[in-house]
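One structure below.
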Amino acid sequence: WSRTLVSCWDDVPQHAGIIMGHEYNASSGMLIVSHAEFRSVFSRRLVTSGATYTPSGAFAVAGKSLRGLARAVIARYTSGIGAGFDFPVALPADEAGSESRRWPFYEFATAEDLLSEIEKADGGPDIYFRPRWSPTTGRLEWVAEIGSPTLTGPAVEWVVGAEDAAMMGVAQRTDATKTLTGIVALGKGSEQDMTLGFAGGLGTFPVWLDATRSYKSIGVATQLDARALGELRSVEKPTVQMSVRDIPAGLAFPNLRVGSRLTLLVSGDTFLDDGPRALRVIGLSGGVGET
């Protein structure tokens, strides 16, 4: 938890995983190191600690945009305490708006719960922590990137199936198991006194499919409506994701990154329709090689 494993290309960090443990095999001489994205820290930070807990206490933020709310959460749970708590995180500029939140101490939510709540609200921003060498200290830090609402990055264009194309392994997966047309958000309270939020009527899918979602820490109907609508927008249509495997690192970097816009030009495929596929990169993986 106090050290990272940084993977670079051309001395530019592409991943900085917080080390969670390791396993050594004396027979083979192999050391396997397990590590996780920086955001895993937020699932281990409670809204309050034993040292600051009061029954009536709360973490409250007012007069911010959704991006401003996310920034406030990140700032609170990565700085201001000192050794053992603070992490080197570069924050974006603050942003005012009409949003307000209050998270009571007695619910003992995690910082990850708070960030997820903001992300999943209608119009909520995507959040990503990008590693870099600090321009002032030269040491590792993470840049808190907060989308508007999606993250941005350089544009990349590749041709699928061209004879001289360097990439391989284009695949498409369509999944409608989570598709819904209506969501009822269940908030604080019980039975007839339960606070509820509703979302539906987007008209983007032909079959009526409803479900409930539980947000028992929220007691404001308008906030539940926003959570329900944000959730519904993510599942209102079947999810179509494409993956591209075995990309040479020299072709991918420096432009391919989380948030990049990737256009795949498809022609003559048996299943995929001809034409450009405009995609947004949501994840990268790699090993110790150059793919």
Side-chain angles (χ1 to χ4, degrees), residues 4-10 12-20 32-43 67 70 74 89-90 92 111-113 115-120 124-132 140-158 160 165-179 230-231 233-266 272 276-291:
T4 58
L5 185 63
V6 183
S7 300
C8 295
W9 179 261
D10 198 21
V12 177
Q14 303 298 330
H15 170 73
I18 293 182
I19 296 175
M20 314 292 283
I32 300 174
V33 181
S34 58
H35 50 101
E37 289 279 358
F38 173 71
R39 186 159 166 171
S40 60
V41 170
F42 289 83
S43 63
R67 285 168 43 84
I74 295 168
V89 176
E112 176 60 32
D113 294 332
L115 284 182
S116 294
E117 177 182 326
I118 296 167
E119 276 186 311
K120 293 179 180 178
D126 291 338
I127 301 168
Y128 183 65
F129 295 92
R130 190 178 308 283
R132 73 175 181 186
L140 178 70
E141 67 180 10
W142 285 272
V143 179
E145 297 188 348
I146 305 175
S148 301
T150 59
L151 300 169
T152 60
V156 181
E157 185 176 287
W158 290 330
V160 177
M167 67 174 185
M168 300 171 58
V170 176
Q172 175 179 295
R173 182 174 185 267
T174 302
D175 184 5
T177 56
K178 296 181 180 180
T179 302
E231 176 78 12
R233 290 196 192 280
S234 69
V235 295
E236 63 177 309
K237 298 177 183 179
T239 301
V240 180
Q241 289 189 343
M242 299 191 74
S243 61
V244 186
R245 298 175 61 93
D246 302 324
I247 309 168
L251 176 65
F253 299 136
N255 290 328
L256 198 66
R257 49 186 267 184
V258 172
S260 289
R261 267 46 182 179
L262 172 60
T263 301
L264 295 181
L265 302 178
V266 180
L272 302 175
R277 295 295 184 91
L279 308 173
R280 181 165 54 94
V281 178
I282 63 173
L284 296 171
S285 65
V288 295
E290 295 191 0
T291 58

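Everything quoted here is computed from the prediction, not taken from an experiment. Just the heavy atoms: all of them, side chains too, but no hydrogens, waters or symmetry mates, feed the values below.
Within the 4.5 Å cutoff, no side-chain heavy atoms of Q241 are placed close to those of Q172. Side-chain contact between L272 and M242 is present, with heavy atoms from C-beta onward closer than 4.5 Å. Between V170 and W158 there is no side-chain heavy-atom pair separated by less than 4.5 Å.
Counting all heavy atoms, side chain and backbone alike, P154 lies closest to R257 at CD-CD, 3.5 Å. Residues V41 and I18 share a closest heavy-atom pair of CG2-CD1, 3.4 Å. Closest approach of G124 to P149, counting heavy atoms only: O-CB, 3.3 Å. Scanning all heavy atoms of the two residues, the minimum distance from L115 to A70 falls at CD2-O, 4.0 Å. Minimum heavy-atom separation, T150 to D126: CA-OD2, 3.6 Å. Across every non-hydrogen atom of E141 and A90, the tightest pair is OE2-CB, 4.2 Å.
The distance from atom CZ of R39 to atom CH2 of W142, rounded to the nearest 0.5 Å, is 14.5 Å. Here OG of S234 is found 11.5 Å from CD of E119. Values are rounded to the nearest 0.5 Å. Rounding to the nearest 0.5 angstrom, the gap separating the CG atom in L151 from the CZ atom in R280 is 7.0 Å. Atom CD of E37 and atom OG1 of T4 lie 11.5 Å apart (nearest 0.5 Å). Between the CD1 atom in I118 and the CD1 atom in I74 there is a gap of 8.0 Å [rounded to 0.5 Å]. Here E236 contributes atom CD and T179 contributes atom OG1; the two are 9.5 Å apart, rounded to the nearest 0.5 Å.
Side-chain atoms of S116 do not come within 3.5 Å of backbone N or O of D113 as any donor-acceptor pair. In this structure, the side chain of D175 engages the main chain of T177 through a donor-acceptor pair within 3.5 Å. The main-chain N or O of N255 is found under 3.5 Å from a side-chain atom of S260 such that the two form a donor-acceptor pair. Listed for the R67 side chain is a donor-acceptor partner under 3.5 Å among the backbone atoms of I146. Using a distance-only test at 3.5 Å, with no hydrogens or angles considered, no donor-acceptor pair links the side chain of R173 to the main chain of S243.
Ring planes of F129 and F42: parallel class, angle under 30° (limits at 30 and 60°). Using bins of under 30°, 30° to 60° and over 60° for the plane-to-plane angle, the ring pair F253/W9 lands in the tilted bin.
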Next item on the list: May I have the step-by-step check of side chain to side chain contact (heavy atoms under 4.5 Å, CB included) for E157 and L265, ending in yes or no?
Entry: CA-CA 7 Å; E157 185 176 287; L265 302 178; 3.5 Å; yes
Notebook entry, point to check: When you look at K178 and T239, which way does the side chain to side chain contact (heavy atoms under 4.5 Å, CB included) test go after all the steps?
Noted result: CA-CA 8 Å; K178 296 181 180 180; T239 301; over 6 Å; no
